Amino acid sequence: MANPVLVATWPFGLAAVRVGSEVLTDGGTAMAAAIAAVSHTEADPEVDSVGYGGLPNSAGVVQLDAAVMDGRTGHAGAVGALEGILHAVQVAEAVMRDGRHVFLVGSGAKRFALEHGFQEQDLLTENSRNWFKEFQRTGIKKDFFDTIGVLALDTHGDLATACTTSGLAGKMPGRVGDSPLIGGGLYADNEAGAAAATGVGEDILKICGSFLVVELMRQGRSPQEACQEVVRRCIRHQQRETSTQCCFIACNRQGEIGGASTRKGFQYAVWKGEQDSLIEAPFFGGEF
Ligand code: ASP
């Protein structure tokens with residue numbers, strides 16, 4: 001029996017890991033725990049970067065990106081630019097279970113969701129409508145747009161990961177970041193570890209960030225060392241010290257965890273057994 005672990009991006013990840021911990025404590029799988037955890041964040045209207053209440057694109061439409069990956073089987077599912085469906089992560093899971101494809105986008109993803117019993121709903125809240133009115137008036141985008149990414153290790157020693165986001169607020173319609181790209185926003189392999197990313201998707205996906213973290217763990221790096229090395233790669237790739245914000249979390253089968261970011265201000269939540277806590281990640285780029 002392994003000691004179960006959950007790791008989640010950002011302070012709102014604390015509530016998510018608490019939900020996921022109930023699944024793991026009951027002997028549930030890492031995949032079920034990761035999905036339960038991020039589903040909780042999707043339903044929270046206070047989190048304006050995920051699911052219900054997530055900020056819309058430049059056309060006033062909420063487009064969601066989500067993915068899941070099972071470290072035991074290597075199976076994965078993802079959706080991009082999905083409109084009008086709250087639990088994008090559960091649609092990603094349905095894509096994985098369906099098994100014919102890995103990644104569905106736009107109207108095709110929505111059609112798949114409706115065919116699989118998901119209900120259409122308005123994802124805008126009073127807050128996100130007001131934000132959009134202001135955005136139309138001023139053209140000012142919101143800089144922070146935080147994805148919930150969760151890594152889970154269950155009592156059987158299996159790893160899984162799930163993530164979901166409304167992406168960059170005010171983004172171009174059809175823009176998809178790193179989050180639903182397997183190897184970009186997340187990756188899991190029981191033999192090496194699991195990783196997830198948050199931050200500027202364009203810069204994370206150009207270095208296959210989450211895949212790279214997992215491959216470095218496969219080569220013997222600890223989760224912390226692997227995250228730091230990938231953050232340094234982000235900075236080198238952008239050829240400047242003050243790179244955009246790119247953040248990674250990682251976990252291996254021994255329950256060791258890690259996290260790092262290019263810039264100051266990235267925190268991630270951890271649950272191990274009875275305890276949960278918020279960790280301030282070390283950063284290697286600029287202070288702003
Ligand atoms: N990585 C996400 C994206 O680019 C956003 C975030 O995590 O902050 O869509």
Side-chain angles (χ1 to χ4, degrees), residues 9-10 12 16 38-68 77-95 102-114 118-149 162-182 184-186 196-206 209-210 244-247:
T9 53
W10 302 112
F12 53 67
V38 308
S39 294
H40 175 79
T41 315
E42 285 181 328
D44 184 347
E46 299 298 317
V47 180
D48 68 3
S49 51
V50 174
Y52 182 57
L55 297 178
N57 64 18
S58 62
V61 179
V62 181
Q63 288 190 327
L64 303 178
D65 301 331
V68 298
V79 290
L82 175 66
E83 296 177 10
I85 307 285
L86 168 59
H87 287 300
V89 74
Q90 295 174 20
V91 183
E93 183 198 17
V95 172
V102 171
F103 191 15
L104 296 178
V105 300
S107 58
K110 183 169 181 178
R111 185 175 169 160
F112 174 90
L114 295 174
F118 290 87
Q119 301 296 314
E120 185 161 9
Q121 81 175 72
D122 183 359
L123 299 177
L124 291 167
T125 57
E126 200 189 325
N127 177 51
S128 59
R129 278 181 221 283
N130 287 340
W131 175 86
F132 184 64
K133 276 189 209 141
E134 196 59 14
F135 169 71
Q136 280 184 307
R137 205 175 59 79
T138 62
I140 296 170
K141 287 187 184 161
K142 189 172 171 286
D143 233 12
F144 271 72
F145 35 83
D146 311 333
T147 300
I148 176 88
C163 70
T164 183
T165 187
S166 52
L168 178 58
K171 65 192 175 185
M172 192 184 288
R175 178 266 186 190
V176 172
D178 60 310
S179 303
L181 293 168
I182 306 304
L186 51 64
T198 177
V200 177
E202 283 72 8
D203 293 319
I204 294 165
L205 64 86
K206 279 188 283 193
S210 295
T244 60
Q245 181 62 304
C246 299
C247 322

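The structure displayed is predicted, hence computed values, not measured ones. Computed over heavy atoms, backbone and side chain alike; hydrogens, waters and symmetry mates excluded.
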Is Asp122 close to Arg129 at the side-chain level, that is, under 4.5 Å between some pair of heavy atoms? yes
Could you grab the distance from atom CG of Leu186 to atom CD1 of Ile204, nearest 0.5 Å is fine? 11.0 Å
Exercise: do Ser179 and Asp65 side chains pair donor with acceptor under 3.5 Å: no
To the nearest 0.5 angstrom, please state how far the CG atom of Asp146 sits from the SG atom of Cys247. 8.0 Å
In Å, rounded to the nearest 0.5 Å, how long is the span from OG of Ser49 to CH2 of Trp10? 9.0 Å
Do the non-hydrogen side-chain atoms of Val89 and Val68 ever get within less than 4.5 Å of each other? yes
Can you tell if the side chain of Gln63 reaches within under 4.5 Å of the side chain of Lys171, non-hydrogen atoms only? yes
Criterion side chain to side chain contact (heavy atoms under 4.5 Å, CB included) on His87 and Glu93, from CA distance to verdict: CA-CA 10 Å; His87 287 300; Glu93 183 198 17; over 6 Å; no
Looking at Arg111, I want to see if its CZ is surrounded by more than 12 non-hydrogen atoms of other residues, nucleotides or ligands under 6.0 Å. no
Roughly how far, to the nearest 0.5 Å, is CD1 of Ile148 from OG1 of Thr41? 4.0 Å
CG-OG distance between Leu55 and Ser166, expressed to the nearest 0.5 angstrom: 6.0 Å
Give me the atom names and distance for the closest heavy-atom approach of Gly54 to Ser128. O-CB, 4.0 Å
Side chain to side chain contact (heavy atoms under 4.5 Å, CB included) partners of Phe132, counting only residues at least two apart: Pro56, Phe135, Gln136
Would you call Leu123 and Leu86 a side-chain contact if the rule is heavy atoms closer than 4.5 Å? yes
Heavy-atom distance under 4.5 Å between the side chains of Thr125 and Tyr52, does that happen here? yes
Is Val95 close to Val79 at the side-chain level, that is, under 4.5 Å between some pair of heavy atoms? yes
Thr165 OG1 to Leu64 CG distance, which is reported to the nearest 0.5 Å: 8.0 Å
Would Ser39 and Gln90 count as having a side-chain donor-acceptor pair, cut-off 3.5 Å? yes
Going by an N to O cut-off under 4.0 Å, is there a salt bridge joining Glu134 and Arg137? yes
Find out whether Glu202 and Arg175 are in side-chain contact, i.e. whether some heavy atom of one side chain is under 4.5 Å from a heavy atom of the other. yes
Check: Glu46 and Phe12 side chains under 4.5 Å, non-hydrogen atoms: no
